[in-house]
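What you see is a predicted model, and the numbers here were worked out from it, not measured in a lab.
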Amino acid sequence: VEFLLKDFAACEDLLKAEVVIRESSRRVSDSDLGVALNFLGEQYYLSGRHAMAEPVYERAIEIRRLTYPRGHRLMGEMANRLAVIKSASGNYLESDPLFREALACLEETYGPEHPEVSRALNDLAESLFAQNKLEPARRLLERALNIQERSLRVNDARISRTRSNLAAVYVARGRYPEAVRLYEKDISLRQSQSLPDRTALATSRRTPRSDGVPPPPNDANSNGPLRS
């Protein structure tokens, strides 16, 4: 209950105690310890302490790789959250394989056309965009938008995020007419439905430099919570 109510201080103490208990009990499986570590990492992440969340998630993932079946949904969610943290700190060498692992898990769990898959595609595309890898980012975003337009309501904010991100990629590639069409559609929908501004990559995300060197990353919160 305290976790759901986001009473962070009380919840954190309980989660730390839970980890200690599970580590010291010979009767508790490694899988249970992985669950406890995941919740503690989630607590750190939601309270903005991403540097503390990172090693906890890393340990939890190491355990879950040994105890969970390949392609498990929870494994995908945890890998994606850790990838967001690493990508925000510029550690793309480690973040991109984690994003791809998360994507593979979610595709295996839900199928290739599920909205959860489109979110993972978006997260990986944002990381690639920050590295000036525009063409693979474009392909991922076009696939994500195609999934979302077929499976979500037209006024869903997740579509707005993807459309704005794809438009930013088009701008970076000089495909201005296509970008304008996407921006105009997004703005029109937001004005009619009172959606939040989702022109993420174009305004507040990391814009590629002309020399191909990615600028400093934003905070991990720029990707938003894992569960949209």
Side-chain angles (χ1 to χ4, degrees), residues 71 73 75-154 156-183 185-186 189 198-209 212-215 217-218 220-228:
R73 171 184 62 83
M75 183 67 204
E77 292 176 355
M78 193 189 308
N80 198 84
R81 183 63 61 85
L82 180 59
V84 166
I85 294 173
K86 290 183 178 293
S87 178
S89 65
N91 187 357
Y92 304 118
L93 187 64
E94 294 186 24
S95 69
D96 285 3
L98 284 167
F99 276 129
R100 296 184 189 281
E101 179 181 359
L103 177 59
C105 288
L106 295 173
E107 285 178 324
E108 190 164 333
T109 298
Y110 297 112
E113 303 298 314
H114 194 277
E116 287 298 308
V117 171
S118 72
R119 187 188 60 198
L121 291 167
N122 233 319
D123 289 337
L124 175 56
E126 289 179 352
S127 179
L128 294 173
F129 182 91
Q131 300 169 67
N132 207 32
K133 297 178 180 179
L134 301 179
E135 183 57 22
R138 178 194 65 79
R139 291 195 298 267
L140 293 173
L141 289 167
E142 286 180 348
R143 180 187 166 194
L145 186 60
N146 186 44
I147 293 170
Q148 291 173 343
E149 288 182 335
R150 293 201 314 269
S151 59
L152 300 175
R153 294 185 178 183
V154 66
D156 194 293
R158 288 170 288 184
I159 302 180
S160 180
R161 172 196 176 194
T162 303
R163 190 181 293 118
S164 295
N165 286 351
L166 180 56
V169 172
Y170 286 156
V171 168
R173 299 211 51 161
R175 296 169 60 172
Y176 301 114
E178 293 166 282
V180 168
R181 284 195 294 272
L182 287 174
Y183 280 135
K185 186 173 183 179
D186 187 58
L189 284 170
R198 288 285 185 176
T199 54
L201 291 178
T203 56
S204 63
R205 301 245 351 133
R206 297 153 279 180
T207 303
R209 287 169 29 176
V213 178
N218 288 340
N221 275 332
S222 61
N223 273 330
L226 179 65
R227 298 179 180 81
S228 57

[atom2] on [Y] to [atom1] on [X], rounded to 0.5 Å:
| X | Y | atom1 | atom2 | answer |
| --- | --- | --- | --- | --- |
| Met78 | Arg73 | CE | CZ | 11.0 Å |
| Leu82 | Asn91 | CG | CG | 9.0 Å |
| Ile147 | Leu121 | CD1 | CG | 5.5 Å |
| Asn165 | Leu182 | CG | CG | 11.0 Å |
| Leu98 | Leu93 | CG | CG | 10.5 Å |
| Ser160 | Leu145 | OG | CG | 10.5 Å |

Open item on the list: Do Val84 and Phe99 make a side-chain contact, defined as non-hydrogen atoms from C-beta onward lying under 4.5 Å apart?
Closed with: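 Sidechains of Phe99 and Val84: in contact.
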Open item on the list: So Asn122 and Leu141, do their side chains get closer than 4.5 Å, heavy atoms only?
Closed with: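 Yes, side chains in contact.
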Task: Sequence-distant partners of Ser95, side-chain hydrogen bond (donor to acceptor under 3.5 Å, both in side chains), two or more places apart - done: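 Not a single residue meets the side-chain hydrogen bond (donor to acceptor under 3.5 Å, both in side chains) criterion with Ser95.
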When you measure from the side chain of [X] to the backbone of [Y], do you find a donor-acceptor pair of N or O atoms at a distance under 3.5 Å?
| X | Y | value |
| --- | --- | --- |
| Ser89 | Lys86 | yes |
| Thr109 | Leu106 | no |
| Gln131 | Ser127 | yes |

Taking side-chain contact (heavy atoms from CB on, under 4.5 Å) as the definition, give me every residue that meets it alongside [X], ordered by chain and number, with sequence neighbours left out.
| X | result |
| --- | --- |
| Pro112 | Arg143 |
| Arg150 | Glu113, Asn146 |
| Arg175 | Arg138, Glu142, Tyr170, Arg173, Glu178 |

TODO: Please list, chain by chain and in numerical order, all residues satisfying ring pair (Phe, Tyr, Trp, His ring centres under 6.0 Å) with Tyr176, sequence neighbours excluded.
DONE: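 Checked Tyr176 against ring pair (Phe, Tyr, Trp, His ring centres under 6.0 Å); zero matches.
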Open item on the list: Working note: Gln148 + Arg163, criterion side-chain contact (heavy atoms from CB on, under 4.5 Å); need CA distance, chi angles, decisive distance, verdict.
Closed with: CA-CA 10 Å; Gln148 291 173 343; Arg163 190 181 293 118; over 6 Å; no
- [ ] May I have all residue pairs that pass salt bridge (charged side-chain N to carboxylate O under 4.0 Å, His left out) and include part of residues 95-104, sequence neighbours excluded?
- [x]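 Salt bridge (charged side-chain N to carboxylate O under 4.0 Å, His left out) check on residues 95-104 returns Arg65-Glu101.
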TODO: Write down the atom of Gly76, the atom of Cys105, and the distance for their closest heavy-atom approach.
DONE: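 For Gly76 and Cys105, the tightest heavy-atom pair comes out as CA-CB, 3.6 Å.
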Task: Closest non-hydrogen atom pair between Ala172 and Leu134, with its separation - done: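 That closest heavy-atom pairing would be CB-CD1, 3.7 Å.
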Open item on the list: Can you tell whether the side chains of Arg81 and Glu77 come within less than 4.0 Å, N to carboxylate O?
Closed with: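 Salt bridge: no.
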Task: Short N-O contact, Arg161 and Asp123, less than 4.0 angstrom - done: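 Looking at Arg161 and Asp123, the cut-off is met.
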